[in-house]
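Notes follow the structure.
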Amino acid sequence: MIRTSLFVAAAILGVATVHATDTDSYKQSIEQWRAGRLERLTAPGGWPSLAGLEWLKDGPNRIGSAADNDIVLTVGPAHLGVADLASNGEVHLVLEHDSGALIDGKPVYEATLIDDVKAGDATPTTVSFGTASFYLIDRDGRKGLRVKNSDAPSRKHFLGIDSFPIDPSWRIEATWVPAAPGETLEMGTVIGTIDKYPVPGKLEFSRDGKQFEILPVIEVPGDKQYFIVFADRTSGKETYGAARFLYIDPPKDGKVVLDFNKAYNPPCAFTPFATCPLAPPENRLDLRVTAGEKNYRGSNH
């Protein structure tokens, strides 16, 4: 932990040198974290590679790049195949034999698609064709195809990530207050759905002489870290308006490290084809959090 003493001038030169070293080590760790974040984001399947989000209608949905399809892709064969959405929510895909597409890397012509919710920690059924691919997503019962293209302009011309300067004072030790059994938090999304998440506890912390609270959630059962979706007084100005994200480790001895230098933009900051959660009222801080990622310069949505 970056202790308060790091920010107080030391009387002894040797102590000051140790403190400076600790601060430098912390800043290096954040720089390494940012480098890994950028590498993951700009990978061939990263969020800027999203090229479409196509919601399926009941029954057959013809897919391809030709204009006569129900779902018109920006890339790929003219007629790729047909995805049939059944009344029970299952989606069965039949490919055209000359499409050249693969299902989970195999040259098969049909499959019942496993969506991202049913897949859990595994990979949903992926249909690939050239530089592009898609998989099925489920959002509150709505089924859609998330299309990715490693050659998408949004990825090829990615403008990088802008962040506030690393500031160790935004690495805060918060007090952990366990939640009552069964407590949940509702979060809206950019597509108008509402998701409900389990709340393991509450974080209480102070900043600028004021007290604040924030609620983490369990994003996926079994996750080793807790997930925070928050907004603050920089939101919609220096930072992305809908929310920023942050992960924390579970409490230890009633304390949690809340490091806003690791606050990062949701996928929706980089692409209009994501389905991000919005910061709930409980996590809208009356505070300028001048740490973490700033708004994406290339955003036009």
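Not measured: the values here are computed from a predicted model.
- Nearest heavy atoms, Lys224 versus Pro250: O-CD, 3.2 Å.
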Side chain to side chain contact (heavy atoms under 4.5 Å, CB included) between Phe129 and Leu102, worked out: CA-CA 7 Å; Phe129 41 99; Leu102 303 174; over 6 Å; no
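- Lys148 places a side-chain N or O within 3.5 Å of a backbone atom of Gly45 that can act as its donor or acceptor partner.
- With values rounded to the nearest 0.5 angstrom, Phe158 atom CZ is found 7.0 Å from Thr42 atom OG1.
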Apply salt bridge (charged side-chain N to carboxylate O under 4.0 Å, His left out) to the pair Glu293 and Arg37, showing each step before the final yes or no. CA-CA 11 Å; Glu293 292 184 6; Arg37 153 81 169 152; 2.7 Å; yes
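- In this structure, Arg139 is not positioned above the aromatic face of Trp55 in the sense of NZ or CZ being under 6.0 Å from the six-membered ring centre and within 45° of the axis.
- Side-chain contact check for Ile194 versus Met187: every heavy-atom pair is 4.5 Å or farther apart.
- Within the 4.5 Å cutoff, no side-chain heavy atoms of Phe227 are placed close to those of Tyr197.
- Here CG of Asn283 is found 13.0 Å from CZ of Arg244. Values are rounded to the nearest 0.5 Å.
- When side chains are defined from C-beta on, Thr74 does not count as touching Val147, because their heavy atoms never get closer than 4.5 Å.
- Atom CZ in Arg34 sits 14.0 Å away from atom CG in Leu41 (nearest 0.5 Å).
- Scanning both residues, Ile114 and Thr125, for their nearest heavy atoms gives N-OG1, 2.9 Å.
- Classified by interplanar angle (parallel below 30°, tilted 30° to 60°, perpendicular above 60°), the ring pair Phe230/Phe260 is perpendicular.
- In summary, the side chains of Tyr296 and Asp162 do not present any donor paired with an acceptor at a separation below 3.5 Å, with no hydrogens or angles considered.
- Under the 4.5 Å side-chain heavy-atom criterion for Ile, Leu, Val, Met, Phe, Trp and Tyr, Leu278 and Phe270 are members of the same hydrophobic cluster.
- Ile166 CD1 to Arg171 CZ: the interatomic distance, rounded to the nearest 0.5 Å, is 13.0 Å.
- Side chains of Asp68 and His79: a donor on one and an acceptor on the other come within 3.5 Å.
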Candidate pair Ile71 and Leu145, rule side chain to side chain contact (heavy atoms under 4.5 Å, CB included), full reasoning: CA-CA 9 Å; Ile71 293 177; Leu145 302 181; 4.1 Å; yes
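- In this structure, Asp116 contributes its side chain and Asp138 its backbone to a donor-acceptor pair below 3.5 Å.
- In the hydrophobic clustering of this structure, Ile228 groups with Ile172; members are Ile, Leu, Val, Met, Phe, Trp, Tyr whose side-chain heavy atoms approach within less than 4.5 Å, directly or through other members.
- By the 4.5 Å heavy-atom criterion applied to side chains, Asp84 and Val91 are not counted as neighbours.
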Candidate pair Asp115 and Lys143, rule salt bridge (charged side-chain N to carboxylate O under 4.0 Å, His left out), full reasoning: CA-CA 8 Å; Asp115 61 53; Lys143 304 287 186 175; 2.8 Å; yes
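- Both Leu80 and Val75 are assigned to one and the same hydrophobic cluster, defined by single-linkage of ILVMFWY side chains at heavy-atom distances under 4.5 Å.
- Side chain of Tyr240 to backbone of Cys268: a donor-acceptor contact under 3.5 angstrom is found.
- In this structure, Asp232 contributes its side chain and Thr234 its backbone to a donor-acceptor pair below 3.5 Å.
- Put simply, Leu215 and Val256 are part of two different groups of oily side chains (I, L, V, M, F, W, Y) that touch within less than 4.5 Å, one to the next.
- Here the closest heavy-atom approach between residue Gly76 and residue Ser65 is recorded as O-OG, 2.9 Å.
- Side chain to side chain, Ser128 and Ser133 fail the donor-acceptor criterion of an N or O pair below 3.5 Å.
- Checked against the 6.0 Å centroid criterion, the rings of Trp176 and Phe205 do not qualify as a close aromatic pair.
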Could you walk me through whether Lys294 and Glu238 pass the salt bridge (charged side-chain N to carboxylate O under 4.0 Å, His left out) check? CA-CA 6 Å; Lys294 295 182 177 180; Glu238 299 104 312; over 6 Å; no
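- Asp223 places no side-chain N or O within 3.5 Å of a backbone atom of Gln225 that could act as its donor or acceptor partner.
- Across Leu113 and Val127, no two heavy atoms sit closer than the pair CD2-CG2, 4.4 Å.
- Looking at Thr290 and Asp167, their side chains never come closer than 4.5 Å, going by heavy atoms from C-beta outward.
- Taking every heavy atom of both residues into account, Val217 and Pro200 meet most closely at CA-CD, 3.9 Å.
- Applying the side-chain hydrogen bond (donor to acceptor under 3.5 Å, both in side chains) test between Asn261 and each of Trp33, Tyr26, Trp170 identifies Tyr26 as the sole match.
- Cation-pi geometry between Lys262 and Tyr247 is not met at under 6.0 angstrom from the ring centre and within 45 degrees of the axis.
- Using a 30° and 60° split on the angle between ring planes, Phe245 and Tyr264 fall in the perpendicular class, above 60°.
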Run the numbers on Leu185 and Lys196 for side chain to side chain contact (heavy atoms under 4.5 Å, CB included), then give the verdict. CA-CA 6 Å; Leu185 180 63; Lys196 186 179 292 186; over 6 Å; no
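- With hydrogens and angles ignored, the 3.5 Å screen pairs a side-chain donor or acceptor of Arg155 with a backbone N or O of Ser150.
- Salt-bridge check for Arg288 with Asp208: failed, with every basic side-chain N at 4.0 Å or more from each acidic carboxylate O.
- With hydrogens and angles ignored, the 3.5 Å screen pairs a side-chain donor or acceptor of Asn61 with a backbone N or O of Lys57.
- If you chain together hydrophobic residues whose side chains sit under 4.5 Å apart, Val108 and Leu93 fall into the same group.
- When all heavy atoms are compared, the tightest approach of Leu285 to Glu213 is CD2-O, 3.6 Å.
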Between Asp249 and Val257, does a side chain to side chain contact (heavy atoms under 4.5 Å, CB included) hold up when you go through it step by step? CA-CA 7 Å; Asp249 290 327; Val257 172; over 6 Å; no
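- A donor-acceptor pair under 3.5 Å is absent between the side-chain atoms of Arg146 and the main chain of Gly52, judged by distance alone.
- Ile214 contributes atom CD1, which lies 6.0 Å from atom CG of Leu258 (distance to the nearest 0.5 angstrom).
- Two residues are said to be in side-chain contact when any heavy atoms from C-beta on lie closer than 4.5 Å; Leu73 and Ile63 meet this criterion.
- Under the rule for a side-chain contact (heavy atoms from CB on, under 4.5 Å), the partners of Pro198 that lie at least two apart in sequence or sit in another chain are Ile218.
- In terms of modelled atom types and a separation under 3.5 Å, the side chain of Thr126 and the main chain of Pro124 share a donor-acceptor contact.
- For the atom pair OH (Tyr226) and CD (Glu219), the distance works out to 13.5 Å, reported to the nearest 0.5 Å.
- Side-chain contact, Ser169 with Arg207: a donor N or O sits under 3.5 Å from an acceptor N or O.
- Of the possible polar contacts, one joining the Thr239 side chain to the Ser235 backbone as a donor-acceptor pair under 3.5 Å is found.
- With 3.5 Å as the limit, one finds a donor-acceptor pair spanning the side chains of Asn149 and Thr131.
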